[in-house]
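To start, the structure itself, in structure tokens.
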Amino acid sequence: MTIVTRFAPSPTGLLHIGGVRTALFSWLFARRHGGRFILRVEDTDRERSTQEAVQVILDGMQWLGLSHDEGPYYQTRRFERYAEVLQQLLAQGKAYHCYCSKDDLEEMRTAQLARKQKPRYDGRCRGRSSPVAGVAPVIRFKNPLDGDVIVEDLVHGPVVFRNDELDDLIIARSDGTPTYNFCVVVDDSDMHITHVIRGDDHLNNTPRQINMLRAMGFTPPAYAHVAMILGADGAKLSKRHGAVSVLHYREEGYLPEALLNYLVRLGWSHGDQEIFTLEELTRLFDITEVNKAASAFNPEKLLWVNQQHMMRAPLPYLAGVLREQLLRLGIETDDQPLLEGIVAGQRERAKTLKEMAETSRYFFGAEVEIDDKSGRKHLTGAGLAMLGRLRSALEALTDWSAAGVHGALTAIATESGVGLGKVAQPLRVALTGTAVSPPIDATAALIGRERVLRRLDAALVWAQTAGV
RNA sequence: GCUCCCUUCGUCUAGAGGCCUAGGACAUGGCCCUCUCAAGGCCAGUACACGGGUUCGAAUCCCGUAGGGAGCGCCA
């Protein structure tokens with residue numbers, strides 16, 4: 001049997017990390033078993049669905065590399081099929097027209113709640129044989145009255161629901177359009193979905209879906225309900241705590257494979273391993289090992305995972321991502337060796353590519369602005385004197401490489417009888433404007449001889465005009 | 001209100017009756033390394049929600065309590 005999974009978001013909001021994680025689980029499960037992964041857009045709510053939201057889903061999935069083998073399917077284009085199944089159910093007496101008004105239903109609900117009962121439709125239109133004039137009816141599914149439905153959940157184990165807890169749900173609105181639970185069931189069976197992996201907020205819907213599937217003569221798929229992701233504060237995911245479009249993480253300089261790695265570890269583990277490649281995940285991930293409890297989103301750990309991936313990723317790849325981030329800062333470059341050199345020097349100093357771009361400005365442009373505090377600390381007194389020695393030594397340097405610069409600096413340190421720090425820091429401030437950078441020899445090599453000498457001159461001027 | 005789900009360090013997790021004086025990771029603190037900052041290494045503190053059982057023995061099994069979440073829509 002070929003495994004077929006699906007990701008079925010509704011384009012009514014943004015695609016955030018909670019959705020991404022269930023998509024990832026579905027995708028990994030399909031990939032692991034050599035199956036197919038289907039993307040289906042559940043847009044039957046025409047009021048709230050938007051084309052922008054659809055685009056965000058598509059872009060997000062693409063950025064993450066969660067490629068689908070089929071689709072995207074749109075439920076709004078399958079109305080004919082739903083109508084067909086609706087008619088069939090009606091003809092077989094497995095569904096019926098209900099003429100109750102919204103007011104009737106509301107009244108019923110409040111009365112039941114007042115009696116401390118679970119609000120549910122009482123089935124009063126079940127036996128009705130004639131229409132009510134002037135009322136457009138909804139269609140309800142005739143749910144079994146007794147017995148149990150057992151959901152054999154891959155993560156929760158068996159979950160038992162009593163049929164008398166369920167009621168006759170509406171499967172078509174009075175305007176004829178089908179509703180969510182009904183469309184899902186028709187789609188999952190039409191698309192031959194073998195494993196439904198979704199958020200556990202759907203666990204309660206599952207017995208109804210199973211009943212409908214059976215009424216239609218279909219075999220229910222296997223289900224796996226995974227917990228939702230909580231905000232960093234342990235409360236429901238909010239705007240402030242990660243409920244932002246997944247593309248936000250791209251803008252913030254995260255690597256998609258790092259985000260996926262972080263997300264898969266929420267509720268799943270493999271020994272003590274923290275960092276996984278996508279290839280490893282498709283080999284190791286197992287939906288039945290996923291935890292049942294919800295887990296909180298931890299931005300700090302995401303940052304760490306991202307850096308770990310940056311430290312392992314190929315330089316040319318990272319150079320490309322850094323280039324995009326630099327573009328956002330108005331820095332445009334195609335100097336691939338320079339980009340790769342920056343990445344090599346900065347990737348263990350930055351948690352994201354965005355941060356890397358921001359702290360790498362001094363590799364570009366002719367001049368650099370000297371940070372006042374750093375300048376006062378390192379470009380005065382002995383530091384100022386060091387600037388002159390640096391200037392002449394570096395001007396005379398023929399081997400303009402990290403090793404060459406390093407040799408020149410140690411020579412100066414030895415001659416001056418000071419530690420390397422007394423040489424490196426003034427140079428660092430002169431070249432970068434700050435007291436922090438990758439190893440100064442590599443930094444100088446990357447910046448290049450011309451600009452190094454010019455910046456040393458500028459630093460001398462700064463020290464004089466700063467009047468310190 | 002009713003039904004369903006969940007509960008190990010601050011956070012993510014390991015743990016499927018003795019291997020647990022509960023392991024790893026992020027974060028935090030200290031030390032080492034060191035041209036800065038990082039990265040890396042070493043060390044430290046912090047957890048089985050609570051109460052009953054079952055058992056020679058329970059984080060692990062059972063029951064209850066508490067807390068959290070979800071569903072109960074002509075939303076998905």
Side-chain angles (χ1 to χ4, degrees), chain A residues 8-13 42-45 47-49 75 98 100-102 105-106 109 112-121 136-140 151 153 156 159-162 165-167 169-175 177 179-181 183-184 199-207 225 227-228 230 232 234-236 262 265-275 291-305 307-308 311 346-351 359 374 378 406 409-410 413 419-429 432 434-441 443:
Chain A
S10 63
T12 52
E42 311 215 320
D43 55 351
T44 51
D45 183 357
E47 300 280 299
R48 299 193 301 150
S49 297
Q75 291 186 324
C98 167
C100 296
S101 70
K102 289 185 181 182
L105 299 176
E106 191 48 45
R109 239 190 302 277
Q112 285 163 331
L113 244 18
R115 269 178 272 136
K116 303 198 172 191
Q117 287 175 345
K118 179 177 187 169
R120 47 197 289 283
Y121 181 64
V138 298
I139 299 174
R140 286 184 186 271
V151 179
D153 194 277
H156 289 274
V159 183
V160 184
F161 294 88
R162 294 162 52 102
E165 284 291 336
L166 275 22
D167 66 356
L169 74 156
I170 292 174
I171 55 178
R173 303 178 180 94
S174 49
D175 66 1
T177 58
T179 59
Y180 170 77
N181 279 109
C183 295
V184 165
D200 66 5
D201 48 337
H202 290 289
L203 184 52
N204 287 296
N205 286 330
T206 309
H225 289 94
M228 334 210 61
L230 271 24
K236 207 167 161 180
Y262 173 74
R265 283 283 292 103
L266 252 35
W268 179 83
S269 64
H270 179 74
D272 288 340
Q273 189 171 348
E274 294 287 349
I275 304 302
N291 282 165
K292 297 189 264 248
S295 40
F297 175 70
N298 184 335
E300 272 85 38
K301 184 148 184 182
L302 203 213
L303 244 14
W304 177 80
V305 171
Q307 181 172 36
Q308 291 298 314
M311 292 195 296
Q346 294 279 55
R347 63 173 158 185
E348 53 194 38
R349 302 184 157 70
K351 302 282 194 191
T359 57
S374 306
H378 298 290
H406 189 79
L409 299 191
T410 46
L420 198 52
K422 298 288 182 206
V423 183
Q425 282 305 81
L427 179 58
R428 174 168 280 118
V429 176
T432 71
T434 72
V436 175
S437 85
I440 196 59
D441 45 11
T443 303

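Below, chain A is the first sequence line, B the second, and so on; all start at residue 1.
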### Pairing nucleotide - B/C61, Watson-Crick or G-U, each distance under 3.5 Å
B/G53
### Message
Taking B/U46 as the reference, what is the distance to B/A27 when you measure between their C1' atoms (whole Å, please)?
### Response
12 Å
### Query
B/A14 pairs with which nucleotide, Watson-Crick or G-U wobble, both distances below 3.5 Å?
none
### Message
Work out how far the C1' atom of B/U13 is from that of B/C32, and round it to whole angstrom.
### Response
29 Å
### Query
Going by an N to O cut-off under 4.0 Å, is there a salt bridge joining A/Glu274 and A/Lys301?
yes
### Whether A/Glu42 side chain and A/Pro11 backbone form a donor-acceptor pair below 3.5 Å
no
#### Entry: Rounded interatomic separation in angstrom, taking CD1 from A/Ile275 and C1' from B/C26
10 Å
### Task
Please state how far atom NZ in A/Lys102 lies from atom C1' in B/C75, giving the value in whole angstrom units.
11 Å
### Query
Are the side chains of A/Leu166 and A/Pro207 in touch, meaning some heavy atoms are under 4.5 Å apart?
yes
### Message
Categorize A/Asn205 for me: base, sugar-phosphate, or nothing, with a 4.0 angstrom heavy-atom threshold over every strand shown.
### Response
base
### Task
May I ask which nucleotide in the shown strands pairs with B/U7, Watson-Crick or G-U wobble, both distances under 3.5 Å?
B/A66
### Task
Send over the distance from A/Asp441 CG to B/U34 C1', rounded to a whole Å.
13 Å
### Task
With the side chain of A/Ser269 defined as its heavy atoms from C-beta on, choose the nearest nucleotide among B/U13, B/U3, B/A76.
B/U13
### Query
ring-ring contact (aromatic ring centres under 6.0 Å, His included) with A/Trp304: which residues, sequence neighbours excluded?
none
### Query
Using purine N1 to pyrimidine N3 plus N6-O4 or O6-N4 for Watson-Crick, or N1-O2 and O6-N3 for G-U wobble, each under 3.5 Å, what pairs with B/C37?
none
#### Entry: From CG (A/Asn181) to CD1 (A/Ile171), nearest 0.5 Å
10.5 Å
### Any A/Gln308 side-chain N or O less than 4.0 Å from OP1/OP2 of B/G40
yes
### Task
Would you please confirm or rule out a distance under 4.0 Å between OP1 or OP2 of B/A76 and any side-chain N or O of A/Arg173?
yes
## Note on the structure
Closest of B/U13, B/U3, B/C35 to the A/Lys118 side chain is B/U3
### Task
Return the value, rounded to whole Å, for the distance between atom CD of A/Gln307 and atom C1' of B/A27.
14 Å
### Query
What is the nucleic acid contact for A/His225, judged by heavy atoms within less than 4.0 Å: base, sugar-phosphate only, or nothing?
nothing
### Query
If every non-hydrogen atom of A/Gln75 is compared with every non-hydrogen atom of A/Val184, which pair is closest and at what distance?
NE2-N, 4.1 Å
### Query
How is A/Pro9 classified with respect to the nucleic acid when contacts are heavy atoms under 4.0 Å: base, sugar-phosphate, or nothing?
nothing
#### Entry: Residue matched to B/U28 through Watson-Crick or wobble contacts both under 3.5 angstrom
B/A44
### Message
I want to confirm an ordering. Mapping A/Tyr121 and A/Gln117 to their closest nucleotides on RNA chain B, which one lands closer to the 5' end?
### Response
A/Gln117
### Task
Classify the side chain of A/Arg120 and the base of B/C72 as holding, or not holding, a donor-acceptor pair under 3.5 Å.
no
### Query
Between A/Ile170 (CD1) and B/C72 (P), how many Å, whole number?
12 Å
### Query
Expressed in whole Å, how much space separates the C1' atoms belonging to B/U54 and B/G45?
36 Å
### Under 4.0 Å protein heavy-atom contacts per nucleotide of nucleotides 4-12 of chain B, with B for base, S for backbone only and - for none
BSSS---BB
#### Entry: A/Ser174 (side chain) and B/C74 (base): donor-acceptor pair under 3.5 Å
yes
### Task
Can you tell me the pairing partner of B/C2 across any strand shown, Watson-Crick or G-U wobble, with both distances under 3.5 angstrom?
B/G71
### Task
Grab the CH2-C1' distance between A/Trp304 and B/U13 for me, whole Å please.
13 Å
### A/Asp201 CG - B/A70 P separation (whole Å)
9 Å
### Query
Does A/Tyr121 have any ring-ring contact (aromatic ring centres under 6.0 Å, His included) partners at least two apart in sequence or in another chain, and if so, which?
none
### Query
Is it true that a side-chain atom of A/Arg347 and a backbone atom of A/Ala350 form a donor plus acceptor pair closer than 3.5 Å?
no
### Task
Write down the distance between NE2 (A/His406) and C1' (B/U36), rounded to a whole number of angstrom.
14 Å
### Task
Could you please name the option among B/A39, B/A76, B/U36 that lies closest to any side-chain atom of A/Ser10?
B/A76
### Task
Would you indicate, yes or no, if B/A76 has its OP1 or OP2 atom less than 4.0 angstrom from a side-chain nitrogen or oxygen of A/Thr44?
yes
### Pairwise C1' distance for B/C20 and B/C48, with rounding to whole Å
10 Å
### Message
Starting the side chain at C-beta, find the nucleotide from B/A70, B/G40, B/G1 nearest to A/Leu113.
### Response
B/G1
### Message
Could you tell me if A/Asp200 and A/His225 have a donor-acceptor pair between their side chains, going purely by distance under 3.5 Å?
### Response
no
### Task
Check whether any side-chain N or O of A/Thr443 sits under 3.5 Å from a backbone N or O of A/Pro439 as a donor-acceptor pair, and report yes or no.
yes
### Query
Which nucleotide in the list B/A70, B/G73, B/C35 gets nearest to the side chain of A/Lys236?
B/A70
### Message
With no hydrogens and no angle check, just 3.5 Å: does a side-chain donor-acceptor pair link A/Gln112 and A/Arg109?
### Response
no
### Query
Quantified in whole Å, what is the C1' atom distance between nucleotide B/G52 and nucleotide B/U11?
31 Å
### Message
Can you tell me if A/Arg109 touches the phosphate of B/G73, counting only side-chain N or O atoms and a distance under 4.0 Å to OP1 or OP2?
### Response
yes
### Message
In whole Å, measure the gap between the C1' atoms of B/C4 and B/C61 for me.
### Response
22 Å
### Query
Of A/Val436 and A/Ala172, whose closest RNA chain B nucleotide lies nearer the 5' terminus?
A/Val436
### Query
For atom C1', what is the distance between B/A39 and B/U34, given to the nearest Å?
11 Å
### Message
If I pick the P atom on B/C9 and the same atom on B/A22, what distance separates them, to the nearest angstrom?
### Response
14 Å
